[in-house]
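A quick write-up on the structure given underneath.
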Amino acid sequence: MRMRGIIGIILLVNLKPTGSIGQTDAVIVVLLVCLFVMCFAWSWGPLGWLIPSETFPLETRTAGFSFAVSANMLFTFIIAQSFLSMLCKMQAGIFFFFAAWILVAGVFALYLMPETKGVPVDDMVERVWKQHWFWKSYMTEDDPDEDLKQRKLEMAASTSRS
């Protein structure tokens, strides 16, 4: 977030009404953007792949991971398509806009992402999601194994009647 704020301040102060900027400031901005991309690739970037692989329970992992990847690709496409238009309209403000979203993501991660260190995947629902202060209200008490057994019994009963 700081990197984007610094880039935004440099552009806000030094960007001329003609859309030009001094060569030294331009080099600094390009270096800061490259540094930001490098830092993102080492920190927030992999989380879109890491968090779904660690937090979805085995029963929903495939569907959850495919949804996470699809959402990641969709929003990447939307940002890529709108970035240049936003840059032209917002100029330096675009860096403050994305810095604000990084702040939102940080607050979300801090308060709503549960710690999964040392928790086996099999115990993720019971030990993480059902214990989390926020997400436990969305968890049901149903046992998926019992539901599966019940469905098998119902299927066996319906085929024996036929």
Side-chain angles (χ1 to χ4, degrees), residues 1-9 29-87 90 92-162:
M1 186 175 107
R2 283 185 243 151
M3 194 83 57
R4 292 220 176 181
I6 293 168
I7 294 168
I9 290 170
V29 167
V30 168
L31 290 175
L32 287 175
V33 168
C34 290
L35 183 63
F36 169 78
V37 170
M38 181 180 68
C39 291
F40 181 82
W42 287 342
S43 60
W44 285 97
L47 292 182
W49 305 97
L50 179 68
I51 291 173
S53 70
E54 287 189 358
T55 58
F56 283 115
L58 290 174
E59 299 85 19
T60 61
R61 177 163 292 172
T62 305
F65 202 76
S66 65
F67 177 78
V69 170
S70 299
N72 188 344
M73 289 184 175
L74 174 68
F75 285 109
T76 299
F77 174 78
I78 291 169
I79 290 170
Q81 293 300 311
S82 62
F83 181 80
L84 288 177
S85 298
M86 290 173 65
L87 182 62
M90 299 173 72
I94 193 168
F95 293 98
F96 299 114
F97 173 78
F98 283 112
W101 278 110
I102 290 173
L103 181 65
V104 169
V107 169
F108 177 85
L110 182 65
Y111 292 107
L112 296 175
M113 289 306 306
E115 178 59 59
T116 61
K117 182 179 180 181
V119 179
V121 175
D122 298 337
D123 297 338
M124 195 62 65
V125 172
E126 293 298 323
R127 289 180 51 192
V128 175
W129 296 110
K130 287 186 177 181
Q131 304 300 320
H132 192 269
W133 68 272
F134 181 77
W135 300 116
K136 68 182 176 183
S137 63
Y138 295 98
M139 300 303 296
T140 62
E141 295 300 321
D142 297 339
D143 183 6
D145 292 334
E146 289 297 321
D147 290 343
L148 182 62
K149 289 176 190 173
Q150 184 64 31
R151 277 185 270 155
K152 284 182 179 179
L153 287 172
E154 290 171 359
M155 287 175 58
S158 66
T159 54
S160 65
R161 283 186 240 151
S162 306

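Put simply, the side chain of Ser43 gets close to the backbone of Cys39: a donor and an acceptor are under 3.5 Å apart. At least one donor-acceptor pair under 3.5 Å links the side chain of Ser66 to the backbone N or O of Ala63.
Ring geometry for Trp135 versus Trp129: interplanar angle over 60°, hence perpendicular rather than tilted (30 to 60°).
Nearest approach of Pro120 to Arg127, heavy atoms of both residues: CD-NH1, 3.5 Å. In terms of heavy-atom proximity, Ala92 sits nearest to Gly8 at CB-O, 3.5 Å.
A distance of 9.5 Å separates CG in Leu47 from CD in Glu54, rounded to the nearest 0.5 Å. Note that CD of Gln81 is 13.0 Å distant from CE of Met86, once rounded to the nearest 0.5 Å. In this structure, the separation between CE on Met73 and CD1 on Ile78 is 14.0 Å, given to the nearest 0.5 Å. For the atom pair CD1 (Ile94) and CZ (Phe83), the distance works out to 4.5 Å, reported to the nearest 0.5 Å. Leu35 CG to Ile7 CD1: the interatomic distance, rounded to the nearest 0.5 Å, is 8.5 Å. For the atom pair OH of Tyr138 and NE2 of His132, the computed distance is 12.0 Å after rounding to the nearest 0.5 Å.
Residue-environment remark: CE (Met38) exceeds the threshold of 12 foreign heavy atoms within 6.0 Å. More than 12 heavy atoms of other residues, nucleotides or ligands shown are found within 6.0 angstrom of CZ on Phe65. Counting non-hydrogen atoms of other residues, nucleotides and ligands closer than 6.0 Å to CZ of Phe77 gives a total of 12 or fewer.
Side chains of Val121 and Leu58 form a contact here, defined as non-hydrogen atoms less than 4.5 Å apart. Contact check for Leu103 versus Phe108: no side-chain heavy atoms found under the 4.5 Å cut-off. A heavy-atom distance below 4.5 Å is not found between the side chains of Pro114 and Gln131. No side-chain heavy atom of Cys34 sits under 4.5 Å from any side-chain heavy atom of Val37.
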Item to complete: Decide yes or no on side-chain contact (heavy atoms from CB on, under 4.5 Å) for Leu112 and Trp133, but give the supporting numbers first.
Response: CA-CA 9 Å; Leu112 296 175; Trp133 68 272; 3.8 Å; yes
Discussion item. Using side-chain contact (heavy atoms from CB on, under 4.5 Å), reason through Thr55 and Val128 one step at a time and then give a plain yes or no.
Written reply: CA-CA 9 Å; Thr55 58; Val128 175; over 6 Å; no
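Legend: residues meeting salt bridge (charged side-chain N to carboxylate O under 4.0 Å, His left out) with Arg61, ordered by chain and number and at least two apart, are absent.
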